[in-house]
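Read the structure below first, then the notes.
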Number of protein chains: 4
Amino acid sequence: MSLPENTDSLQTLIGKGPGNVITDVPGVKIGHYTYMENDSVTGITSIIPAQGNVFREKLVASAHVINGFGKSAGILQLQELGSLETPILLTNTFAVGTGYSALVKYMLQDNPDIGNTTGTINPVVCECNDSKINNIRSLLLEEEHMLEALGNAGKSFQQGDIGAGTGMVCYGLKGGIGSSSRTVKVGNSFFNLGVLVLSNFGSMEDLSVYGKPIGKEIKNRTSPKSQPDKGSIIVVLATDIPLDSRQLTRVLKRTQSGIARTGAYSGNGSGEIAIGFSTANRIDHYSAVPIVDKKVLHEDFMDMVFLATVQATEESIINSMLYASPAVDRYGKKIYSLHDFKDIFE
Amino acid sequence: MSLPENTDSLQTLIGKGPGNVITDVPGVKIGHYTYMENDSVTGITSIIPAQGNVFREKLVASAHVINGFGKSAGILQLQELGSLETPILLTNTFAVGTGYSALVKYMLQDNPDIGNTTGTINPVVCECNDSKINNIRSLLLEEEHMLEALGNAGKSFQQGDIGAGTGMVCYGLKGGIGSSSRTVKVGNSFFNLGVLVLSNFGSMEDLSVYGKPIGKEIKNRTSPKSQPDKGSIIVVLATDIPLDSRQLTRVLKRTQSGIARTGAYSGNGSGEIAIGFSTANRIDHYSAVPIVDKKVLHEDFMDMVFLATVQATEESIINSMLYASPAVDRYGKKIYSLHDFKDIFE
Amino acid sequence: MSLPENTDSLQTLIGKGPGNVITDVPGVKIGHYTYMENDSVTGITSIIPAQGNVFREKLVASAHVINGFGKSAGILQLQELGSLETPILLTNTFAVGTGYSALVKYMLQDNPDIGNTTGTINPVVCECNDSKINNIRSLLLEEEHMLEALGNAGKSFQQGDIGAGTGMVCYGLKGGIGSSSRTVKVGNSFFNLGVLVLSNFGSMEDLSVYGKPIGKEIKNRTSPKSQPDKGSIIVVLATDIPLDSRQLTRVLKRTQSGIARTGAYSGNGSGEIAIGFSTANRIDHYSAVPIVDKKVLHEDFMDMVFLATVQATEESIINSMLYASPAVDRYGKKIYSLHDFKDIFE
Amino acid sequence: MSLPENTDSLQTLIGKGPGNVITDVPGVKIGHYTYMENDSVTGITSIIPAQGNVFREKLVASAHVINGFGKSAGILQLQELGSLETPILLTNTFAVGTGYSALVKYMLQDNPDIGNTTGTINPVVCECNDSKINNIRSLLLEEEHMLEALGNAGKSFQQGDIGAGTGMVCYGLKGGIGSSSRTVKVGNSFFNLGVLVLSNFGSMEDLSVYGKPIGKEIKNRTSPKSQPDKGSIIVVLATDIPLDSRQLTRVLKRTQSGIARTGAYSGNGSGEIAIGFSTANRIDHYSAVPIVDKKVLHEDFMDMVFLATVQATEESIINSMLYASPAVDRYGKKIYSLHDFKDIFE
């Protein structure tokens with residue numbers, strides 16, 4: 001048995017997911033909390049990675065740092081143990097601590113053993129700096145807002161300028177939350193792979209939409225004082241393909257290629273971090289046996305996972321911009337939506 | 001010019017620091033906040049890495065993860081940019097978020113540009129799990145406590161069961177905050193290298209004090225139900241030797257050898273993380289020129305830095321235990337101090 | 001002083017190098033040995049990184065592994081010490097050992113102290129698998145061929161199907177050696193950054209030339225049985241910008257974005273390795289003093305280095321294909337040159 | 001089911017292996033080639049990792065670089081793919097290329113598909129610098145010698161100054177090849193873990209034998225001009241415990257603690273590299289199915305693997321010195337055997 005040996009044939013094994021969102025991966029749920037008061041324009045997005053108690057039945061996971069100019073919490077343990085044991089929160093840079101504390105409380109609620117008869121937990125909180133639009137110094141996000149984002153998570157969710165994406169700017173246009181998914185045919189079975197991004201990076205003139213370099217044209221029309229390639233992007237990848245942690249790391253490295261397809265060069269100030277998990281092979285916190293059975297994809301079949309990842313990352317970024325409404329930055333300048341320029345690339 | 005080619009001769013270039021503490025490195029200050037109410041026995045230790053505004057004049061820095069079963073925040077950016085721009089807070093595992101938020105506020109106070117006309121900041125908060133003694137689920141540490149630990153930092157500080165060390169257990173004995181330092185003669189100049197640890201790891205029977213394996217004897221005397229090699233250790237290393245970030249990484253890797261000298265094998269659940277910074281070559285946040293002059297130690301002279309690091313790490317761990325007073329764990333069992341067994345190893 | 005805050009303005013600081021080749025960086029020289037006998041169609045390319053004795057005056061260096069499905073030698077020490085002390089050889093996968101031995105002899109010749117009164121050396125040899133065209137099992141490359149490639153190195157050199165590039169296939173077309181360079185204006189000074197690639201990766205249908213996705217059109221015209229994204233790419237980056245090893249690592253990570261611009265998704269079997277060095281700040285093997293003065297670029301100015309790197313990597317890959325002549329693979333199938341399809345993308 | 005929570009109890013699950021050598025792990029075989037002519041005193045040691053064709057049925061593997069001042073080949077792919085597909089060769093620094101070429105030929109012999117209808121191979125060759133005793137510049141090791149070391153591999157093998165160990169010096173005494181093994185009780189089953197080292201590091205005064213710091217006493221007796229902590233150590237770890245590649249990396253990190261137990265601080269010039277493989281879960285080169293069943297140890301049971309590793313590494317180093325006979329270095333100075341000083345530590 002072997003994999004088709006070229007991308008065209010690979011492509012026949014890859015299709016868009018039924019909803020083209022990360023929640024096409026069974027069990028994954030997304031929630032938002034959006035904060036808009038005066039100049040505080042920010043928010044929170046939660047990713048519930050799977051059904052059940054994720055502390056007691058952890059997920060195989062990994063993380064990859066493309067550019068570590070970022071403040072995400074929880075990455076070290078995720079890499080060391082190859083597992084995820086809490087939901088993931090996305091929010092603004094200064095709210096990471098609040099997110100961490102909220103996740104601690106959220107996990108303590110359902111798990112009386114944590115910090116008592118067993119160890120602690122590893123909250124995962126990622127961030128982008130939304131200070132172009134948001135008065136980030138006002139520090140208005142509270143733990144209760146985090147819990148609200150966790151509480152309202154569901155299979156259906158909005159994209160664009162919502163939740164953590166509320167104040168984000170991408171390629172000088174409105175950015176935010178975007179998602180996409182792929183089905184992948186492995187042998188005779190179909191699996192799901194979904195991506196969700198928090199997009200907040202790139203210079204307008206670099207933007208490329210599905211191979212069309214339209215950034216300069218948009219810039220000519222809007223004549224903005226260009227935004228530098230600062231900001232950041234968080235990529236969260238979910239799949240039910242049975243990958244181990246090392247394989248997930250390899251998959252996550254390909255998100256850089258997906259980002260590059262949209263035109264950016266990963267600037268110095270752009271914190272770019274990718275987190276991935278597989279819902280196959282749940283890991284029991286309390287194992288009944290010392291040696292566990294697992295299923296793992298043979299390495300020869302990674303190419304279709306890589307290709308699906310690059311495609312879903314690219315599409316998630318574009319979606320984050322297409323779904324976002326225009327906004328006004330802290331200095332009164334209009335931030336357009338990519339939607340305003342559909343005539344250029346469609 | 002070349003370095004003496006053996007450890008004995010190397011040793012002639014290394015001496016104990018004047019105070020044998022991390023604050024022998026000029027500019028470094030340590031503060032504590034100790035929380036003891038009912039079964040909440042925990043705290044915070046702050047490390048102010050240098051004089052002046054550390055955001056505007058950053059320090060060359062690095063981090064090394066020995067065992068990533070830990071929740072420390074701020075490590076990614078420290079590794080990517082090779083710089084430290086905030087004080088470091090040590091505290092219990094569940095208070096990392098509170099420490100993060102407190103550091104954000106602390107930094108915003110003196111820097112009106114952060115999050116406004118310039119980027120954000122990267123708070124560094126490290127932790128150990130003190131739940132053997134402390135009811136960690138009570139979550140009683142507040143931001144004001146963090147700010148108090150930052151506010152009272154000074155050159156002189158207490159070691160042992162104080163600050164973040166209040167609830168820690170090391171080799172089944174009372175652990176906590178320990179420190180040690182070395183002067184290193186480089187050419188004709190003397191430099192300082194200091195270590196501070198938050199010790200919370202090891203099984204009693206493994207303890208070795210300066211080459212004397214006394215753990216089993218202590219265990220025989222106290223007959224405790226042994227503690228597993230869980231917990232964690234945070235190692236903070238400060239120096240005024242001009243090292244670049246890559247060199248600091250190499251230095252920090254040697255802290256594992258210092259830990260091993262005390263007997264432990266770095267167990268699965270022992271989060272072991274080392275952070276280091278050099279106060280030489282401050283990095284301007286706003287640089288007047290694009291190309292900067294730096295001084296860097298020639299690689300051939302690293303051996304004495306390595307040896308000083310191993311020694312100071314070992315001694316810091318032992319000091320953390322010697323300075324700690326006995327305590328009682330959450331189940332009423334006495335946790336002895338290493339001091340109680342000085343007859344065995346002196 | 002600060003960097004222009006957008007890519008357009010950044011671009012005004014970046015220009016094509018005078019020769020648009022890696023040897024625009026003063027001191028860099030390239031040599032080739034081409035082997036073509038019967039079905040043995042392979043070769044060697046040498047990179048002399050700087051003038052003088054590179055063992056006694058090493059270069060600041062680093063390496064980054066994009067996809068480690070590769071057999072390159074010498075990467076570990078390059079990363080640990082952040083220095084390069086030999087020329088670099090590129091060749092086919094099975095000739096890495098021969099290249100290593102040849103470099104040992106080459107270095108011993110001029111340095112009687114190596115392996116005698118001082119330590120050894122770290123030969124750097126990188127490879128791609130040219131077995132689509134070359135009968136790689138014939139193992140015909142000898143040490144003398146390696147020494148010839150080293151001996152004939154010069155500032156002027158050929159690109160395409162020559163040297164190590166002789167048997168390479170890229171995007172289903174003829175690949176090989178390609179190069180490009182940029183001048184970068186830092187403050188009031190101009191610096192050089194050059195890239196040389198050994199290209200041997202990608203599926204034809206994925207090829208994109210300077211933003212134009214022309215692979216499918218080429219495939220329609222040639223109807224080949226597509227090549228998988230196997231093979232490999234080696235990227236060598238040279239610059240006289242004063243970067244330290246950590247900064248070079250960051251720069252090298254951006255070569256993945258340059259590769260992605262040409263369309264590939266970095267397949268499982270594609271060994272992708274980047275090596276970089278700076279000719280500023282030579283490192284004395286025997287240092288007269290323990291503390292050395294260095295110049296280092298301030299981190300805020302990295303963006304133009306990143307952008308120049310992405311551009312030069314992309315252009316090097318395209319050049320490797322444009323300069324290559326068509327060939328015939330081991331099964332008699334024609335491998336076209338990208339040059340044959342200039343009408344599509346010009 | 002849970003693991004005993006302290007080292008004493010852990011220790012009850014760990015015993016010495018039946019032969020106390022790496023070949024206690026079923027399938028592992030060791031071979032030597034020793035070269036002694038005039039001042040060329042060097043050699044080769046081979047590790048056959050398992051029965052059968054290791055290219056077609058690869059082993060789960062990993063590598064960890066403690067100090068990358070080393071020239072070992074094959075590490076990158078081992079880390080990326082988490083697999084080993086050739087025997088491992090240990091030899092002197094300048095013979096790595098010859099070892100690489102020999103392994104290529106060795107593998108081509110039995111695998112007509114390699115480099116023809118399938119990809120290439122990743123030869124793993126590790127080295128230490130034996131130039132204190134050996135005239136390493138004479139470059140006398142040939143491919144046929146490598147093949148001889150591969151050919152004579154067996155379950156029974158000599159330790160000390162033999163094979164690659166012939167010219168090595170450890171703690172100023174004669175070093176070389178040493179081995180040790182442990183049985184580990186996991187649940188109701190017994191598994192094997194073995195270590196083999198090539199020891200060539202350390203300063204005499206630092207030597208500690210099973211907790212007894214006897215280096216200074218040996219130095220007093222022999223008054224040598226001390227050897228610096230240069231040289232290197234290669235650690236090869238084999239086990240039949242079902243560990244995945246990430247877990248093997250964690251295990252290999254603990255070899256540094258084993259090395260530290262013998263007294264060394266991992267000097268600047270000491271290349272310290274650890275390679276590990278598990279013979280459980282062989283990986284088919286040609287997989288009949290895309291998703292494979294594997295067994296993996298639950299992470300909670302890693303502590304006993306860590307402890308066994310630290311112990312077996314320490315003991316292997318001591319064995320390498322105990323089994324070695326005295327020698328004379330290139331300058332006529334006697335290199336004692338640790339055996340000469342058994343009175344001090346027994």
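By convention in this document, chain letters (A, B, ...) are assigned in the order of the sequence lines, proteins followed by strands, and residues within each chain are numbered from 1. As a basis for the values below, the full set of heavy atoms in this structure was taken, side chains included, without hydrogen atoms, waters or symmetry mates.
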*Heavy atoms only, distances under 4.5 angstrom: which of Ile136(A), Thr98(A), Ile114(A), Asn135(A) has the most pairs with chain B? Name it, please.*
Ile114(A)

_Identified side-chain contact (heavy atoms from CB on, under 4.5 Å) partner of Asp130(A) from the options Asn92(A), Thr93(A), Leu198(A)_ = Asn92(A)

_Part of Leu103(A) within contact of chain B (heavy atom distance under 4.5 Å)_ = neither

*Region of Ile75(A) in contact with chain B, defined by heavy-atom distances below 4.5 Å*: side chain

*Tell me, with the steps shown, if Val236(A) and Phe277(A) meet side-chain contact (heavy atoms from CB on, under 4.5 Å).*
CA-CA 8 Å; Val236(A) 177; Phe277(A) 57 87; 4.0 Å; yes

*asked:* Test your reading of the model: is there a side-chain donor-acceptor pair from Asp329(B) to the backbone of Lys333(B), 3.5 Å cut-off?
replied: yes

*When only pairs under 4.5 Å are counted, which of Pro123(A), Ser131(A), Pro112(A) shares the most heavy-atom pairs with chain B?*
Pro112(A)

*Give, for atom CG of Leu248(A) and atom CG of Leu84(A), the distance between the pair rounded to the nearest 0.5 Å.*
10.5 Å

*Among Val65(A), Leu81(A), Val96(A), which residue forms the greatest number of heavy-atom pairs with chain B at distances under 4.5 Å?*
Val96(A)

*Please determine which of Val169(B), Ile234(B), Ile233(B) meets the side-chain contact (heavy atoms from CB on, under 4.5 Å) test together with Asn200(B).*
Val169(B)

_Selection from Lys105(B), Arg137(B), Glu80(B) maximising heavy-atom pairs under 4.5 Å formed with chain A_ = Arg137(B)

_Please classify the contact between Leu78(B) and chain A as side chain, backbone, both or neither, with a heavy-atom cut-off of under 4.5 Å._
neither

_Checking the side chain of Asp244(B) only, and the main-chain atoms of Val60(B) only, is there a donor and an acceptor separated by less than 3.5 Å?_
no

